[in-house]
Colleague: 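What follows is a structure written as structure tokens; I'll ask about it next.
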Amino acid sequence: MTKGKATVTLDSRYVLSDVDSRIYGSFIEHLGRAVYGGIYEPGHPTANEQGFRQDVADMVRELQVPIVRYPGGNFVSGYNWEDGVGPVENRPVRLDLAWRSTESNRVGTNEFVAWARLVGADVMMAVNLGTRGIDAARNLVEYCNHPSGSYWSDLRVSHGYRNPHDIKVWCLGNEMDGPWQIGHKTADEYGRLAAETAKAMKWVDPDIELVACGSSNRHMATFPEWERIVLDHTYEHVEYISMHTYYGNRDGDTPNFLAQSLDMDEFIKTVVAACDYIKAKKRSKKTMYLSFDEWNVWFHSNEADKQIPPWTVAPPLLEDIYTMEDALLVGAMLITLLKHADRVKMACLAQLVNVIAPIMTENGGPAWKQTIYYPYLHASVYGRGTVLQTLVDSPKYDSKDFTDVPYVDAVAVWNQDGGDVTLFAVNRNLTESIPLECRLGSFAGYRVVEHLVLRHDDLKAKNTSDNPNNVVPTAVNRTSLDGDTLHANLQPASWNVIRLASQPTAG
Ligand code: AHR
């Protein structure tokens, strides 16, 4: 039985940080049907002349995805980027050892940059530090970013791309701490290679920003020694260290599952501590930022993936069909990222289409929005501006792996330009509504624009191609203001978006 209510206190004088919009980034890997059948499907009724599905592009634009990581993921650690440029008919078909699939290379760097432009996103490019190293990485920077007049830049021009791609953010490999990674390395081996690769890449283009690989998750045996050693090698050469995490409700313990954003929170705090330890050790003035460039729920598809025959072209791998409760955890993870907006400057919901994704497609058929699409959409669209130090007082519970889990987690973002404030709140209580009182402080006098709610009586409810609107947000209209206090009712197991504006209602 939950006792009491949740109280939130806001004040415009107490700000945490501006939101770097890149925390609403996502990820497209050459994996499963993310590229082929996902963003790209020539012959699909909605495909444009370049073969990109317009139904998918429209949804990505609606999400306002600012940056998309590419081409992997585990895939990048065996990738020869040269295979994916130049005339398509000359491109080799390769075995992708990471996902035991066959890669046709019909889409490569230039096509992906064209797609990113189509959807209004920047590219976060990863280089292969598994089977390759400094030479391939610096050549790719030259190919992408050097204007012309050198071998690799002129090759790009000869491929039909006269203007440089100007890719700003580059990842130095992927999950190099993981034994599953092609070319897995010790922290010292990786740290040295990453530092030397970073130097060469920045000598080609001094304006790029670099992300060193952190741990694949908080439970790796090498965490957080990995961060300490890698940062010792790379601190002065990179701007970000990466973080990855995926959660799942494998044993059906939903209260424990929904508490897993507390693990993400601990993970961020420890990586910040490791960064600041190295900063102090090096007597550096530079602050290291975090790129949480893979995060999501991932477990539904694990068993099905074992049945897929090896060396299939674009197999249906990692096709998690998400439930209402998955959307709740995704919402709680978004709140956690926002609460660390002072250090987390980039993050990528992994991934974007078909592969553990908010957008699903059928080959030759429709595209639809999964449950997790909605918290991601709301945060990306309404969560831009300044994160307020949001004081939350909530009833708590204990679960198998966590103590003192607040039923209500919340964070507010103030968009000073638009004159509005948005409160994102999740109620983890599965059976009871929780009354929310929000003290508005200097925001007294604002009006409620809307209170959007994502919930469903069935926590396992999903959206499918046959029933794409089973779990969708609705507006509730009982949220009210009483002086400087906002009163709302947070329904059981719900994701809430309460939008306030300083402007009077039109008309
Ligand atoms: O996103 C799926 C996979 O998860 C990525 O390829 C890898 O980096 C991580 O283990």
Side-chain angles (χ1 to χ4, degrees), residues 25-36 38-39 65 67-79 95-101 103 112 124-131 169-185 190 194 211-223 226 230 240-248 260 263-264 267 290-306 308 314-322 326 330 333 346-360 370 372 376:
S26 191
F27 180 26
I28 289 282
E29 178 168 1
H30 281 254
L31 193 187
R33 298 190 308 121
V35 174
Y36 308 109
I39 63 170
V65 181
I67 193 164
V68 186
R69 188 164 174 255
Y70 175 86
N74 297 337
F75 171 80
V76 79
S77 297
Y79 183 51
L95 296 187
D96 161 22
L97 303 188
W99 300 105
R100 292 177 64 76
S101 307
E103 171 58 50
F112 188 74
M124 178 191 290
M125 183 69 83
V127 300
N128 175 355
L129 292 191
T131 58
V169 181
W170 296 74
C171 302
L172 294 161
N174 176 71
E175 293 190 349
M176 299 309 303
D177 62 323
W180 59 85
Q181 202 68 211
I182 308 169
H184 163 57
K185 292 174 176 52
Y190 170 70
V211 186
C213 284
S215 294
S216 301
N217 62 70
R218 179 172 168 244
H219 304 285
M220 297 295 292
T222 46
F223 176 73
W226 175 273
V230 167
Y240 309 92
I241 183 136
S242 76
M243 304 178 66
H244 293 178
T245 205
Y246 295 99
Y247 299 120
Q260 290 185 91
D263 179 88
M264 184 189 215
F267 189 15
L290 313 185
S291 172
F292 214 126
D293 47 43
E294 287 188 34
W295 68 271
N296 203 346
V297 172
W298 172 16
F299 74 107
H300 295 285
S301 58
N302 292 168
E303 286 308 309
D305 286 353
K306 293 179 188 155
I308 292 179
L317 281 167
L318 279 67
E319 298 205 355
D320 278 40
I321 300 300
Y322 289 114
D326 298 329
V330 163
M333 291 171 86
M346 298 190 288
C348 302
L349 176 67
Q351 299 192 9
L352 187 54
V353 187
N354 288 331
V355 172
I356 43 174
I359 300 169
M360 288 301 296
Q370 297 234 53
I372 64 168
Y376 181 40

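Positions are given from 1 along the sequence. Just so you know, ligand 1 is whichever comes first in the structure, and atom 1 is the first atom listed for that ligand.
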Colleague: Can a donor-acceptor pair be found, under 3.5 Å and without considering hydrogens, that links the side chain of Gln370 to the backbone of Ala357?
Modeller: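 Checking the backbone N and O of Ala357 against the side chain of Gln370, a donor-acceptor pair under 3.5 Å is found.
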Colleague: Can you name the atoms of ligand 1, numbered from 1 with element, that are less than 4.0 Å from a heavy atom of Gly73?
Modeller: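 Near Gly73, meaning under 4.0 Å from one of its heavy atoms, ligand 1 has 5 (C), 6 (O), 8 (O).
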Colleague: Hey, does Asn174 come in under 3.5 Å of ligand 1, counting only N/O atoms on both sides?
Modeller: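 Yes, since at least one N or O of Asn174 sits under 3.5 Å from an N or O of ligand 1.
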Colleague: Could you tell me which atoms of ligand 1, counted from 1 in the order shown, lie closer than 4.0 angstrom to a heavy atom of Glu175?
Modeller: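 Once the distances to Glu175 are compared, the set is 7 (C), 8 (O), 9 (C), 10 (O).
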Colleague: With heavy atoms only and a cut-off of under 4.0 Å, state how Phe75 meets ligand 1: side chain, backbone, both or neither.
Modeller: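 No part of Phe75 comes within reach of ligand 1.
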Colleague: Between Asn74 and ligand 1, which residue portion shows a heavy-atom distance shorter than 4.0 Å: side chain, backbone, both, or neither?
Modeller: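 Asn74 to ligand 1: contacts from backbone and side chain alike.
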Colleague: Let me confirm one number: the OH-CE distance from Tyr240 to Met124, rounded to the nearest 0.5 Å.
Modeller: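 If I round to the nearest 0.5 Å, the distance is 8.5 Å.
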Colleague: Between His184 and Gly178 (side chain of the first, backbone of the second, donor and acceptor by atom type, cut-off under 3.5 Å), is there such a pair?
Modeller: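 Present.
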Colleague: Give me the ring orientation class for Tyr79 and His30: parallel if the planes are under 30° apart, tilted from 30 to 60°, perpendicular past 60°.
Modeller: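 Judged by the thresholds at 30° and 60°, the geometry between Tyr79 and His30 is parallel.
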Colleague: Please state which part of Trp295 comes within less than 4.0 Å of ligand 1, counting heavy atoms only: side chain, backbone, both or neither.
Modeller: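 For Trp295, no heavy atom sits under 4.0 Å from ligand 1.
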Colleague: Within the 4.0 Å heavy-atom shell around Tyr246, which atoms of ligand 1 are there?
Modeller: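 Result: 1 (O), 2 (C), 4 (O).
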Colleague: Angle between ring planes, Tyr190 versus Trp226, binned at 30° and 60°: parallel, tilted or perpendicular?
Modeller: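 Correct class here is parallel.
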Colleague: For atom 9 (C) of ligand 1, grab the closest protein heavy atom and report residue, atom and distance to one decimal in Å.
Modeller: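 Ranking protein heavy atoms by distance from atom 9 (C) of ligand 1, first comes Glu294 OE1, 3.0 Å.
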Colleague: Please lay out, stage by stage, how Gln181 and Asn74 fare under the test side-chain hydrogen bond (donor to acceptor under 3.5 Å, both in side chains).
Modeller: CA-CA 6 Å; Gln181 202 68 211; Asn74 297 337; 2.8 Å; yes
Colleague: Would you mind running through ligand 1 and noting each atom that sits below 4.0 Å from a heavy atom of Glu29?
Modeller: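 So the answer, numbered in order with elements, is 5 (C), 6 (O).
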Colleague: Quick check: does Trp99 get an N/O under 3.5 Å from an N/O on ligand 1?
Modeller: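 So ligand 1 has no N or O lying under 3.5 Å from an N or O of Trp99.
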Colleague: Report the relative orientation of the aromatic rings in Phe112 and Tyr70; use parallel for angles under 30°, tilted for 30 to 60°, perpendicular for over 60°.
Modeller: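 Taking Tyr70 first and then Phe112, their aromatic rings lie parallel (interplane angle under 30°).
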Colleague: Which atoms of ligand 1 are found less than 4.0 Å from any heavy atom of Trp298?
Modeller: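 The atoms of ligand 1 under 4.0 Å from a heavy atom of Trp298 are 2 (C), 3 (C), 4 (O).
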Colleague: Between the main-chain N or O of Ser101 and the side-chain N or O of Asp96, is there a donor-acceptor pair closer than 3.5 Å?
Modeller: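 Absent.
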